[in-house]
Amino acid sequence: MKKLLSGNEAIARGAWEYGVAVASAYPGTPSTEILEEFARYPNVYAEWATNEKVALDVAIGAAYAGRRAMSTMKHVGLNVAADAFFYASMTGIEGGLLVVSADDPAMHSSQNEQDNRNFGKFARVPVVEPVDSQEAKDLVGAALDISEQFDTPVMLRITTRIAHSSTPVELGERKEGPPPLPTYPRKFEKYVMLPVNARKRHPVIEERIRKLTVFAETFPFNRVEWGDRSLGIITCGVAYQYAKEVFPTASILKLGMTYPIPPQMVREFVGQVERAIVLEELDPFVENEIKLLGLWVEGKSIFSGIGEMDPRTVREQAIAAGLLPASARKTYIVPDVGSLPGRPPVLCPGCPHRGFYVITRKLKLPINGDIGCYTLGALPPLNSTDTCGCMGASIGVAHGADKAGSPERNIAVLGDSTFFHTGMPALLNVAYNNGKTITVVLDNRVTAMTGHQDNPGTGRTLQGQESKQIEFEPLLRALGMDHVQTVNAFDLREVERALREALKRDEASALVVRGECALLPEARKQYVPLRVDDERCNGCGLCFRVGCPAIVKRPDGKASIDALLCTGCEVCAQVCARKAILFRSQVQETADA
Amino acid sequence: MKTVDFIVVGVGGQGTLLASDVIAQVGLGAGLEAKKSEVHGMAQRGGSVISHVRWGERVYSPLIGKGEADFLLAFEKLEALRYVDWLKPGGVALVNEQAIPPVAVSSGGAEYPSDERFLAAFKAVTDKVYLIPSLKVAQEVGSARVNNVVMLGALSALLDVDEAVWRAAIEERVPPKFVEMNLRAFERGRALVK
Ligand SMILES: Cc1ncc(C[n+]2csc(CCOP(=O)(O)OP(=O)(O)O)c2C)c(N)n1
Ligand code: SF4
Ligand code: SF4
C-alpha cells in the first residue's frame, strides 16, 4: 500500500532504502526533516553538524571511505558548504555521495531565493529534480548510482513545495550499500588537490559532464509525454504538476535531470512542436541550457522568475502570452474585506528573547542581528534589530562598523546554534584584532527556529545519545573574551545591568543571556499564567509594547492576559509601572488562598 | 471525477497541520489520490498558516488556486477572512468562532474585524457558512488542543466518506495517549453539523 510522505520524508526513506550509511547536515528550512527522519531508521549513522561546510566534509569523508553518504541543507547552506562542494567535484568519491539542496522560492523562511542549480553547473556536478515524493525517493537511488558510475557528487535539488508537500509513495526495503573499503584510499593524484594534481583533474571533470550528457539521453526520469503538438512544454520539479494542471492537452518534456540536459532529446522535442516553452521556477536555468544548444524557446519572457508558481498565476501568465484563450480564465470572487491586521510570525509567549530586546530598545543600542527566532525582535513593537544578513554575520558586521569609526557602540546578537555555526571564527577575529564589539549570545538551549534541534550546547546528539555539553563561558574566554557575563534572560534588571557594564568597558566583551525556549518540554511544565489586576491597570499600554501574543487589549483599553497562551515569564509584569500584572508568586498565593 | 479541494487556515500552534494531515489521509483511505502542501518554519511562531489538501482520481498540482477551494476550514475568524477569496463561489466554509487578536491589535492600534464585516464578506462568496463553537466543545471534551479535531468532525459530516475512515486516520495521526479524547472531539464536532 502507498503511504503519504512529504518530499523530505521520501528522501529520508530513499536514503535508507538505497543504502546510505552516513548522513550529516545542519538544519535549515525547508530541508530539516530529511535528517530528522533518516536518523530514525536502523543501521544508519546520522548527525547534526555545526554547520553545512562541516556536514559536507563529513559526508565526503564517508564517501572517500567507500560508503554511501548524504548531506542535506537549505539553499543558503550550500553557500557555506561551497568550498567542499567544489573540491568534492574535483576529487570524485569511492561510495556514492548525495548532496540535497532545498531551495526556497517565495522565501517562506529565507533571506533570498537563489537557484542552486547554478551551483551544479558551476561545480560541474549533475543535478536531478523530482516532481513529487515518489520521484524524490526514486531519484535518491538513481543519483547514488550515477555518483558511483561517474565518480561524482550528485545534487538532488528540491524546492519548498516538493519538500513540504505530501504525495503517495510506494515503500521498498533496504538494499545495503557498499561496505567501507578495507583500507582508506591512498590515491595521491585523485584525492590530494595540490595544483599539480588539480590541473590533471580539471579535464577529467569536464569529460565527465560530456559523458553525463550522453547518459541523460536515456535517463528514465527524462521523458516525453506526447499530446497536442501545437504547444510543447519543457518542465521540471513541481512546475511539471502545474503544466499538467494548466495545459492538460499539451506535449510535455519532463526533465528529471536538469544539469546536464539531454541535447538530442530536447532538439527532437523542440523540432516537433509548433511553440516550445520552458516552465520552471526561479532562474531560466533549463531555458538557458537549451538556448546554448542554439535552439529557440520561450520561458521567462512569459513566466515570472520571482517567487513561487501556482496554477492560477501560470494560467494567467499563459493567457497574457496567448498560450491559452481568455476563456480559460477561471473567475472568482474577491469580496471587500477592508484592511486586515497582519499576522506575521512573532516571538512566542514566554520567549526568552523578548526581555533582552525590551532592554536594548530602552537603551537605543544599534543591534547587528543574526538568524534565528531572535530575528523576530526586528519586528514591531520591539523594532530592535538594525542589520541581519546571513548566519554568523552579526559579529563581523559589528566589528567592521566599529573599525570604521561608527560613533555608536555596536552590539552583535546571535543565538547559541548560530554562534557554533559561524559565530566562533568571527569572535576570534574581534579578539585578535583588538575589536570592541559587545557580543551577546542569546542562549535558549536549543536550535529553535528550525524546530528545536539539538546542538553542541544541549548535550545530546541527533540520534539521542548523550554527548559532551559545551559551556559558553569557557568557550568565549578561549576565543579571547576576557570579560564574560552570564545573566538570566527573564530578569530584566540583570540584563540591563550587564549591558550597561559592558558598555562602560572600552574593550570587547561577551554576554550570555540564558533562558530556556518556552516550547521545550521542561519549560512547558513550569507554565503559570499571570493575571491583570483590573483595579490597578489604567490602560497605559506599556505592556502591549512587549509584543506578547498572550496580552490582549480589552475594549476598554485595559490589558488582560490569555491564560491559554501565557507561560508566566514575568517580562510584562516587570515592565508594568503600576504593578498591575501579578507575578507568579502573587498568582499562586491568590490561588492557594 | 473532479478533484475535491480543501484549504485549511489558522494561527500557528492551532493544529492546522495535523488537521490537514488527517484530511489527506482520509482521501487516501477512501481510495483516492491525495496531495497536501503546507509551509513549515516561520509559520510555527504564531503566524498565519495555510495548507492545501486535494483529493481526486488523479491530482497534479499540490497547490489550489485562489477561488478554487471547495472547502475552507478556518480555525480562527480573522484568518477565515484573510483567505475567503480562496473559496470558490458557492463553496463551503467551516469557521471556528474563536478570535485570536494578533499582536498588531494590542500594540499597533490595528482593529480586529467585526462580525458584520466577517459575515458580509462570506455572504458575497457563498451562503454555506458554518460557525462552529469548536474551542468551547474542545474544552468540554477535555482540552483546547483538540479544537482542530472538533473542526474535522464537523467537516466529516459534509463529506460522503465512511466515518470509520476518518477514525482510522485520526488514530494513525495522534499519539496513542490522546486517541480516545480526539475521537470524542471528532464525534462532538460531527454531531454539530449532522
Ligand atoms: C546557512 C544557513 N543555514 C541554516 C539556516 C536555517 N536557520 C535559520 S535560524 C537557524 C537556527 C538558529 O538557532 P539559534 O541560533 O540557536 O537561535 P534560535 O532560533 O534558537 O533562537 C537555522 C538553522 C540559515 N538561515 N542559514
Ligand atoms: S520557539 Fe522558543 S526561542 Fe523561538 S520564539 Fe518560541 S519561545 Fe522563543
Ligand atoms: S508573563 Fe506576560 S510576557 Fe510572559 S507570556 Fe505571560 S503575558 Fe506574555
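Reminder, nothing fancy here: chain letters follow the sequence lines and each chain counts from 1. These numbers come from the heavy atoms of this one structure, side chains and all, not from hydrogens, waters or symmetry mates.
For Ser339(A), the part sitting under 4.5 Å from any heavy atom of chain B is the backbone (N, CA, C, O) and nothing else. In this structure, the portions of Ala124(B) lying under 4.5 Å from any heavy atom of chain A include both its backbone and its side chain. When heavy atoms are compared at a cutoff of 4.5 Å, Glu111(B) approaches chain A solely by way of its backbone atoms N, CA, C and O. Within the 4.5 angstrom heavy-atom criterion, only side-chain atoms of Arg315(A), from C-beta onward, approach chain B. Only the side chain of Ala144(B) has a heavy atom closer than 4.5 Å to any heavy atom of chain A.
In terms of heavy-atom pairs under 4.5 angstrom with chain B, the leader among Val131(A), Thr167(A), Leu340(A) is Leu340(A). Counting heavy-atom pairs closer than 4.5 Å to chain A, the top residue among Arg54(B), Lys123(B), Lys88(B), Arg82(B) is Arg82(B). Interface remark: of the candidates Arg161(A), Lys553(A), Lys3(A), Arg161(A) forms the most heavy-atom pairs closer than 4.5 Å to chain B.
For the atom pair Tyr240(A) OH and Tyr60(B) OH, the distance stands at 5.5 Å (nearest 0.5 Å).
Contact check for Lys36(B) versus Leu4(A): no side-chain heavy atoms found under the 4.5 Å cut-off.
Contacts with chain B (heavy atom to heavy atom, under 4.5 Å) involve these residues of residues 557-567 of chain A, listed by number: Leu564(A). Of residues 173-194 of chain B, those residues lying under 4.5 Å from chain A by any heavy-atom pair are Arg173(B). Contact annotation for residues 61-70 of chain B against chain A (heavy-atom separation below 4.5 Å, listed by residue number): Ser61(B), Pro62(B), Leu63(B), Gly65(B), Lys66(B), Gly67(B), Glu68(B).
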Enumerate donor-acceptor pairs with a distance under 3.5 Å from any side-chain N or O in residues 541-552 of chain A to protein atoms, sequence neighbours excluded.
none

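In terms of heavy-atom proximity, Pro168(A) sits nearest to Glu33(B) at CG-CG, 4.2 Å.
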